[in-house]
Amino acid sequence: MQKIAVVGSINIDYFVEADRLPKLGETLLGNSFFLSLGGKGANQAVAASRLGGSVALFGSVGDDENSKIILENMKKEKVTVNNLNVAEGTTTGAAFIELCNSENRILVVPGANNLTDVSYIKTVSEELLNYDVVLFQMETPLEMMEYIVPVLYDRQKTIIVNPAPAHKIRQDILDKITYITPNEYEYQMVLDSEDSMEALLEKYPNKLIITRGTDGVSYFDGQALINVPVIKVEAVDTTGAGDTFSGAFAVGIAEGKKLRESIRFANVAAGLSVMKKGAQTGMPYRHEVELLLKEEEEHENKGHVI
Ligand code: RIB
């Protein structure tokens, strides 16, 4: 099993739940309020660890009460945080999430996440090179990724980028990424192209993986377009589903699973994650994903299509 490093954002999520979202200028009474642990980087690290990955998180938190809660949680989740930057006089990142009928709207105040920059990554780059699979998202400064991706590429690391929130990625950086996993709304912006989904998948075989919500996950295997279906579940909260997909996908790749198998594993994990409220709360453990995969396999062997 290869070792996984996640480089990315760490937040406390402040959720408010309501029957509908307020209009601009409107005051609306919500139903409940809760705090949860989040940040795309932290979420992906937790997802990967729960699924059996050997995981370290690289990123920044402030020197406030929230960072203590986060560090405690990472210990519980068996995620290595030795290289985390605890920045003095800074606040930990915070996300304000409005939840309504399982869908969400998120506003992020990056705080310490802005310090996961080029100078930080230079101080931990030797340590980062001890990992085989490195997973990024884009809630931390883009220049940091542009600096470190070529270094990792030269050392033949597997580089996975979940380009959320979406930004254009420079072609020379894109060329060095092993797998990139935008969703159906992000891929054109990330790849800076108006070409169709099919054309872009063919342009980046076995590399561009587009997550399409309930329509499954698509990639081009060099011969044909492949669509890997998702599982059908009653969603309670989709926050963090994409992060669960990314963390689980990294575990599949780190274990040497084939691309299709890694995506299937990630789809099942992401499906299970939306059944509880909060980004990390519903993230499944390894045995839960395996049980569902086994049940589906048995179902398919009996001739049913899931
Ligand atoms: O992807 C979900 C995450 O996005 C939340 O946990 C929130 O912190 C934001 O970073």
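We number each residue from 1, following the sequence as shown. Numbering of ligands and ligand atoms starts at 1, following listing order.
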Check: S9 N/O within less than 3.5 Å of ligand 1 N/O: no
Hydrophobic cluster (4.5 angstrom, side-chain heavy atoms) - remaining members for L29: none
Short N or O distance, D243 and ligand 1, threshold 3.5 Å exclusive: yes
Residue-ligand contact G242/ligand 1, heavy atom below 4.0 Å: no
Which of the ligand 1 atoms, numbered from 1, are nearer than 4.0 Å to a heavy atom of A95: 7 (C), 8 (O)
Atom 3 (C) of ligand 1 [closest protein heavy-atom partner, distance rounded to 0.1 Å]: N43 ND2, 3.7 Å
Residues in salt bridge (Lys or Arg N to Asp or Glu O under 4.0 Å) contact with D154, at least two apart in sequence or another chain: none
Closest protein heavy atom (residue, atom, distance) for atom 4 (O) of ligand 1: K40 NZ, 3.3 Å
Proximal ligand 1 atoms for A279, defined as those under 4.0 Å from one of its heavy atoms: 6 (O)
Atom pair CG (L128) and NZ (K157), whose distance is rounded to the nearest 0.5 Å: 8.5 Å
Which of the ligand 1 atoms, numbered from 1, are nearer than 4.0 Å to a heavy atom of G38: 6 (O), 8 (O)
Heavy-atom nearest option to atom 8 (O) of ligand 1, drawn from N104, N162, D13: D13
Minimum side-chain heavy-atom gap P182-I180 below 4.5 Å: yes
Approximate separation, where rounding is to 0.5 Å, of I4 CD1 and Q44 CD: 11.0 Å
Y179 six-ring face occupied by K207 cation (under 6.0 Å, within 45°): no
Contact (N/O only, under 3.5 Å) between I97 and ligand 1: no
Which of the ligand 1 atoms, numbered from 1, are nearer than 4.0 Å to a heavy atom of E139: 4 (O), 9 (C), 10 (O)
Closest contact, heavy atoms only, N113 versus S9: OD1-CA, 3.2 Å
Over-ring placement of K277 relative to F15, 6.0 Å and 45° cut-offs: no
